[in-house]
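Start at 1 and go down the list; that is how both ligands and their atoms are numbered.
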Amino acid sequence: MNISKLASAGAIALAGFAYACGGGSDTKTETTSTPAATAPEKEMSFDEMYKDNPAYLEGQTLVKGSDCMSCHMVERKIVGPSYKDVAAKYENTEENIATLAEHVVKGNSGVWGEVPMPAHPGLSEDDAKKMVKYILLLKK
Ligand code: HEC
């Protein structure tokens with residue numbers, strides 16, 4: 001009799017303890033982690049890549065203001081090689097910039113095929129170099 005009374009009292013005490021403990025979980029806020037949205041694998045355009053690069057912007061403006069785009073495109077070969085192909089062929093070094101700038105001013109042929117790159121006698125060496133610097137940035 002006494003023993004069973006003690007036992008049930010203990011059970012009540014335990015139940016009360018468990019309840020008190022469990023009560024705490026009511027205020028516990030579940031932190032739900034939202035998975036970071038996975039950005040779509042879209043290739044960045046060169047314009048985006050170099051939007052803060054003055055050498056890119058200056059060279060691009062010069063190229064667009066000249067006759068270059070009638071024979072060259074960035075991504076595709078037309079009369080002349082694509083600028084991407086030119087950038088892939090030559091490392092971006094002072095030496096290559098000087099050589100290519102000379103080809104732009106004086107004209108050249110035989111590197112990419114039979115069609116010659118016409119001379120641009122009206123173009124300063126300085127501007128030609130800026131154009132070439134822009135072209136050589138066109139690689140990813
Ligand atoms: C009438 C068409 C034509 C125009 C206009 C033209 N190009 Fe070209 N360009 C070519 C051809 C064709 C080649 C390939 C020449 C070769 O095989 O050596 C070439 C080659 C080049 C090359 C690579 C040279 C090399 O030695 O690998 C560069 C750089 C270049 N052009 C830049 C320019 C720039 C900058 C302009 C504008 C100022 C321009 N081109 C205007 C037709 C043109």
Side-chain angles (χ1 to χ4, degrees):
M1 183 66 161
N2 272 348
I3 288 165
S4 75
K5 245 190 175 170
L6 268 173
S8 61
I12 288 161
L14 273 173
F17 181 71
Y19 177 76
C21 260
S25 71
D26 286 348
T27 53
K28 197 178 132 205
T29 47
E30 288 284 323
T31 46
T32 44
S33 56
T34 38
T38 43
E41 291 281 323
K42 189 175 164 282
E43 261 204 21
M44 216 190 221
S45 71
F46 290 118
D47 279 2
E48 269 179 279
M49 257 170 90
Y50 295 119
K51 65 180 184 336
D52 297 321
N53 185 323
Y56 175 91
L57 298 170
E58 198 180 4
Q60 186 186 47
T61 305
L62 286 167
V63 164
K64 282 186 173 168
S66 187
D67 65 348
C68 322
M69 297 317 255
S70 55
C71 292
H72 294 280
M73 283 177 79
V74 172
E75 307 272 352
R76 199 154 55 79
K77 173 187 163 34
I78 31 174
V79 180
S82 77
Y83 284 151
K84 246 174 104 170
D85 287 347
V86 176
K89 184 177 171 72
Y90 300 98
E91 243 185 282
N92 196 348
T93 63
E94 281 303 318
E95 209 186 325
N96 284 339
I97 289 165
T99 307
L100 290 175
E102 199 184 304
H103 291 176
V104 172
V105 175
K106 295 186 180 164
N108 200 53
S109 67
V111 181
W112 297 88
E114 297 304 307
V115 190
M117 157 81 200
H120 289 75
L123 201 62
S124 72
E125 192 190 311
D126 204 41
D127 278 359
K129 278 187 176 174
K130 285 176 183 167
M131 289 170 160
V132 171
K133 279 180 189 168
Y134 151 73
I135 294 166
L136 293 187
L137 284 173
L138 300 172
K139 54 184 136 215
K140 292 181 181 174

Quiz item: Which part of L100 is near ligand 1, with near meaning a heavy atom under 4.0 Å away: side chain, backbone, both or neither?
Solution: side chain

Quiz item: In Å and rounded to the nearest 0.5 Å, what is the CD to OG distance from E75 to S82?
Solution: 7.5 Å

Quiz item: Numbering the atoms of ligand 1 from 1, which are under 4.0 Å from a heavy atom of G113?
Solution: 17 (O)

Self-check item: Residue pairs passing the ring pair (Phe, Tyr, Trp, His ring centres under 6.0 Å) test where at least one lies in residues 58-83, sequence neighbours excluded
Solution: H72-Y83

Quiz prompt | atom 18 (O) of ligand 1 [closest protein heavy-atom partner, distance rounded to 0.1 Å] | solution = V111 N, 3.0 Å

Practice problem: Begin from the C-alpha positions of T61 and K64 and carry the test side chain to side chain contact (heavy atoms under 4.5 Å, CB included) through to its verdict. | Solution: CA-CA 5 Å; T61 305; K64 282 186 173 168; 5.9 Å; no

Quiz item: Is the closest N or O pair between L123 and ligand 1 shorter than 3.5 Å?
Solution: no

Practice problem: Identify whether M69 and I78 are in the same connected component of the hydrophobic contact network (ILVMFWY, side-chain heavy atoms under 4.5 Å). | Solution: no

Quiz prompt | atom 27 (O) of ligand 1: nearest protein contact (heavy atom, Å) | solution = Y90 OH, 2.5 Å

Quiz prompt | Shortest reach to atom 22 (C) of ligand 1 by a heavy atom, considering only D85, I97, V86, D127 | solution = V86

Self-check item: Distance from atom 5 (C) of ligand 1 to nearest protein heavy atom, with residue and atom
Solution: D67 OD2, 3.4 Å

Practice problem: Provide, to 0.1 Å, the distance between atom 15 (C) of ligand 1 and the closest protein heavy atom, together with that atom's residue and name. | Solution: V115 O, 3.6 Å

Self-check item: Numbering as shown, the atoms of ligand 1 that approach S109 to under 4.0 Å (heavy-atom distance)
Solution: 16 (C), 18 (O)

Exercise. Examine V111 and L138 and state if one hydrophobic cluster contains both, with Ile, Leu, Val, Met, Phe, Trp and Tyr joined whenever side-chain heavy atoms are less than 4.5 Å apart.
Key: yes

Quiz item: Among all protein non-hydrogen atoms, which one is nearest to atom 17 (O) of ligand 1, and what is the separation to 0.1 Å?
Solution: W112 N, 2.5 Å

Quiz item: Are Y50 and Y90 connected, step by step, through hydrophobic side chains (Ile, Leu, Val, Met, Phe, Trp, Tyr) whose heavy atoms are closer than 4.5 Å?
Solution: yes

Practice problem: Have a look around atom 8 (Fe) of ligand 1 and list protein N/O/S atoms under 2.8 Å, or say none. | Solution: H72 NE2, M117 SD

Quiz item: In chain order, what residues pass the side chain to side chain contact (heavy atoms under 4.5 Å, CB included) check against K140, with sequence neighbours excluded?
Solution: E43, F46, M49

Quiz item: Does a sphere of radius 6.0 Å around NZ in K139 hold more than 12 heavy atoms from other residues, nucleotides or ligands, not counting ones at 6.0 Å or beyond?
Solution: yes

Quiz prompt | Rounded distance [0.5 Å steps], OG1 in T93 versus CG in L100 | solution = 8.5 Å

Quiz item: Applying ring pair (Phe, Tyr, Trp, His ring centres under 6.0 Å), which residue pairs with at least one partner in residues 99-140 are found, sequence neighbours left out?
Solution: Y56-Y134

Quiz item: Do V79 and I135 share a hydrophobic cluster, counting only Ile, Leu, Val, Met, Phe, Trp and Tyr and linking them when any side-chain heavy atoms are less than 4.5 Å apart?
Solution: no

